[in-house]
**Q** 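Okay, handing you the structure first.
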2 protein chains.
Amino acid sequence: MTRRLREAAAQDLSGSQDRQFVTSLARGLEVLRAFGPGEATLGNQDIAERTGLSKPTISRLTHTLLDLGYLTYSARNGRYQLGPGVLALGYAMIAGLEVRQRARPMIEDLAASANVTIAIGERDRLNVVYLDCCRGTQTVALSLNVGSRIPLGTTALGRAILAKLPDGEREYLLRAMRERMPEDFQKIERGVDRAIRELDTQGFCTSFGDWREDVNAIGVPVFSLDGERLFGLICGGPSFNLSTDTLMEDLGPRLVKIAQDLSAPREMAAT
Amino acid sequence: MTRRLREAAAQDLSGSQDRQFVTSLARGLEVLRAFGPGEATLGNQDIAERTGLSKPTISRLTHTLLDLGYLTYSARNGRYQLGPGVLALGYAMIAGLEVRQRARPMIEDLAASANVTIAIGERDRLNVVYLDCCRGTQTVALSLNVGSRIPLGTTALGRAILAKLPDGEREYLLRAMRERMPEDFQKIERGVDRAIRELDTQGFCTSFGDWREDVNAIGVPVFSLDGERLFGLICGGPSFNLSTDTLMEDLGPRLVKIAQDLSAPREMAAT
DNA sequence: AAGCATTTTTCGCACAGCGGAACTAAACTC
DNA sequence: GAGTTTAGTTCCGCTGTGCGAAAAATGCTT
């Protein structure tokens, strides 16, 4: 039973039967996670279905989360929504992220000067979460998508990250993707292999229409100052006004430059 | 032991010894909450101090949270940071918040036309969390403060919310504030009493320099469509360019109008 | 290199929390 | 408005999980 949840929950390397692992915490967070996009309100029943946990368990978890302000409840329809506590945590996360502050001016600059979208992301399980995002034209930065998730395997952002992950971790994640979306796996694996080569040869990787037909993007990896955290930085836009040529010739090198300025110095070439 | 945490954690009405309450979940979330503003990175030790939990417990909780992607770990200095999972949750929360979508155009409009700051917030324990925020001049909406917390007792946002809470809940919260910040309590209580009167007579409440010396703001309550969720909507700015007169005469009525348009119809006057 | 301080892991035990089943409440049907 | 379905809560015995004291490991200082 624990098995089931761990598989669903932990995409990371993890000794499967940790004595360290606090199951009820994981379950509670899984409940919060059930509130995905387009699933704004859920009843206990819905949550039970999505998480595979028994009704009494869900009942207790929602009770607890409600009590703590991470869920709100509407007696009208017996459904829960994510509460303000969750948002406060999200803010604390982003406010403490030094790379974001450092990157801000650079990405604003590039986004405006080239009229493209620039974004920074970090891996979360099999997705990438936007940490910051800057759009060229749309002066009203709706910033709606800070925190939103995109797939890891088909986007430039995800590929830049996957490519620079330790081999073991990448393989683990690819296996997980194969299990979960066997139909897309061919495409994903080829894309990642290509990304690795591209990063070696030209410093950035590409996703031209691989995520969405009409979106072109290039990505680069960025390492945190302590060298232990890996982010992706992308530059992209709709294909009708952002050609692959522009990306390859003009924006690619500029993005690589930014990534270098942001990243911790990785390794000095010996001697 | 449970007691201790409950007191610290649950500001809400809550039967003290619920069998429904899942302690380890609450503790785990308390760990995440320890990462406040200006506390971006914490070691197990720091967390133990802030939460009052024993070190082994923290160890297991951080292990679990790390595993699930809600924390990141730097082996370099043995410290944790909030991870991307947390941000993804925050986004899910805000994306599912219908009042925010409905409010957006109205607050943008007012913020721009009067060059003031407009914000929507919801209570979280003894704070108010910004759900959305629009600033007049600063075209670059840094949106940094969606998710940030401000005090409940001294701000216009907090007062608008407190004033419209059921009496029991308000009293509970005031008691909690008295315990936690006895020195400010006089000011808080007077402010809330005044807010209640102001809302009755003029439809909006005020905080002129009560939160920060040089900030003036007025606030109104907003009810969610199902009538079960209470938000605050404020209009404010630095006192040097936003006079109390402008707020009282011009912006007050406009804010009240917006709140009416946003709120669910509360009660029909009988007959 | 030894000593000190801090952090992590171990271990046995108590009890927290799990799930099946029964119970209650509410919504829908006709 | 009684019957049927569906959703949520309560009960309860059992299991396994998460707790804290103390040991072990790690890192830092002198």
Side-chain angles (χ1 to χ4, degrees), chain A residues 1-6 8-10 14-32 34 39 41-68 71-81 226 228, chain B residues 1-6 9-10 14-32 34 41-68 71-81 226 228:
Chain A
M1 185 74 283
T2 294
R3 292 294 316 287
R4 201 188 172 294
L5 200 147
R6 292 303 298 277
S14 59
S16 40
Q17 288 292 49
D18 287 347
R19 209 157 145 43
Q20 289 277 71
F21 194 77
V22 180
T23 315
S24 13
L25 174 53
R27 286 173 169 172
L29 290 166
E30 214 53 27
V31 167
L32 292 180
E39 313 261 46
T41 74
L42 298 173
N44 275 340
Q45 176 92 329
D46 305 309
I47 301 172
E49 280 161 16
R50 277 166 188 67
T51 58
L53 299 169
S54 72
K55 283 188 292 177
T57 301
I58 296 297
S59 203
R60 264 169 309 199
L61 294 174
T62 51
H63 174 91
T64 305
L65 292 168
L66 183 62
D67 209 19
L68 299 173
L71 287 179
T72 65
Y73 181 68
S74 167
R76 185 100 30 165
N77 57 5
R79 291 175 153 264
Y80 297 90
Q81 284 190 76
D226 64 6
E228 305 223 37
Chain B
M1 185 71 280
T2 295
R3 292 295 315 288
R4 201 187 172 297
L5 200 148
R6 291 302 298 277
S14 59
S16 39
Q17 288 293 47
D18 290 346
R19 200 158 153 47
Q20 289 276 69
F21 194 78
V22 180
T23 316
S24 17
L25 174 53
R27 287 174 169 173
L29 290 166
E30 215 54 27
V31 168
L32 292 181
T41 73
L42 297 174
N44 274 340
Q45 174 91 327
D46 306 308
I47 302 173
E49 280 161 18
R50 276 166 188 67
T51 56
L53 299 170
S54 75
K55 284 183 284 181
T57 301
I58 296 297
S59 199
R60 261 166 295 144
L61 293 174
T62 50
H63 175 91
T64 306
L65 292 168
L66 183 62
D67 209 17
L68 298 172
L71 288 179
T72 64
Y73 182 68
S74 166
R76 184 100 28 163
N77 57 5
R79 291 175 151 263
Y80 298 90
Q81 284 191 72
D226 65 5
E228 304 223 41

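A, B, ... follow the sequence lines: proteins, then strands. Residue 1 opens every chain.
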**Q** Checking B:S59 now: which residues fulfil side chain to side chain contact (heavy atoms under 4.5 Å, CB included) with it, not counting sequence neighbours?
**A**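 Result, side chain to side chain contact (heavy atoms under 4.5 Å, CB included) vs B:S59: A:Q20, B:N44.
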**Q** Please verify the inter-ring angle class for A:H63 with B:F21; under 30° counts as parallel, over 60° as perpendicular, anything in between as tilted.
**A**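 Taking B:F21 first and then A:H63, their aromatic rings stand perpendicular (interplane angle over 60°).
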**Q** Which nucleotide, D:dG8, C:dT8, C:dG17, lies nearest any side-chain atom of B:Y73?
**A**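 When the side chain of B:Y73 is considered, C:dT8 is the closest of D:dG8, C:dT8, C:dG17.
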**Q** Using salt bridge (charged side-chain N to carboxylate O under 4.0 Å, His left out) as the criterion, list what pairs up with A:E39, not counting sequence neighbours.
**A**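 Partners of A:E39 under the salt bridge (charged side-chain N to carboxylate O under 4.0 Å, His left out) test: A:R50.
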**Q** Would you indicate which nucleotide in C:dT8, C:dG19, D:dT9 comes nearest to any side-chain atom of A:K55?
**A**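 Ranking C:dT8, C:dG19, D:dT9 by closest atom to the A:K55 side chain puts D:dT9 first.
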**Q** Roughly how bent is the helix from C:dA1-D:dT30 to C:dA27-D:dT4 end to end, in steps of 10 degrees, with each end axis from five pairs?
**A**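 Both end axes considered, the difference amounts to 50°.
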**Q** Which heavy atom in B:L66 sits nearest to a heavy atom in B:L71, and how many Å separate them?
**A**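 In terms of heavy atoms, the two residues are closest at CD1-O, 3.2 Å.
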**Q** Side chain of A:S54 only, please: which of D:dT9, D:dG20, C:dG19 is the nearest?
**A**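 Out of D:dT9, D:dG20, C:dG19, the nucleotide with an atom closest to A:S54's side chain is C:dG19.
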**Q** B:K55 and B:A48: which non-hydrogen atoms are nearest, and at how many Å?
**A**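 Between these two residues, the closest heavy atoms are CG-CB, 4.0 Å.
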**Q** Within less than 4.0 Å of OP1 or OP2 of C:dT6, is there a side-chain N or O belonging to B:N44?
**A**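 It does not, given that no N or O in the side chain of B:N44 lies less than 4.0 Å from OP1 or OP2 of C:dT6.
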**Q** List in chain and number order the residues that pass side chain to side chain donor-acceptor pair (under 3.5 Å) with B:T64, two or more places apart in sequence or in another chain; answer none if no residue qualifies.
**A**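 B:T64: no side chain to side chain donor-acceptor pair (under 3.5 Å) contacts found.
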**Q** What nucleotide, of C:dG17, D:dA7, D:dT9, holds the atom closest to the side chain of A:S59?
**A**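 Closest of the options to the side chain of A:S59: D:dT9.
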**Q** Output all residues satisfying salt bridge (charged side-chain N to carboxylate O under 4.0 Å, His left out) with B:R79, sequence neighbours left out; order by chain, then residue number.
**A**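 Once residues adjacent in sequence are excluded, the partners of B:R79 under the salt bridge (charged side-chain N to carboxylate O under 4.0 Å, His left out) criterion are B:D46.
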**Q** May I ask you to say what A:S24 touches in the nucleic acid, namely base, sugar-phosphate or nothing, with a heavy-atom cut-off under 4.0 Å?
**A**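 Since only primed, P, OP1 and OP2 atoms lie under 4.0 Å of A:S24, the category is sugar-phosphate.
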**Q** Just so I know, are the side chains of A:L61 and A:T51 near enough to count as touching, which here means a heavy-atom distance under 4.5 Å?
**A**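 Sidechains of A:T51 and A:L61: no contact.
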**Q** Hey, does A:G78 reach any base, or is it just sugar-phosphate, or nothing, if we go heavy atoms under 4.0 Å?
**A**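 Contact class for A:G78: sugar-phosphate only.
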**Q** Which nucleotide in the list C:dT8, C:dC18, D:dG20 gets nearest to the side chain of A:R27?
**A**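 Comparing C:dT8, C:dC18, D:dG20 against the side chain of A:R27, the answer is C:dC18.
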**Q** Can you work out whether A:L61 or B:Q45 has the more 5'-proximal nearest nucleotide on DNA chain C?
**A**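 The residue closer to the strand's 5' end, by nearest nucleotide, is B:Q45.
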**Q** Please tabulate the protein-to-nucleotide N/O contacts below 3.5 Å involving nucleotides 10-12 of chain C, giving atom names and distances.
**A**
residue: C:dG12; atom: O6; partner: A:R19; partner atom: NH2; Å: 2.7

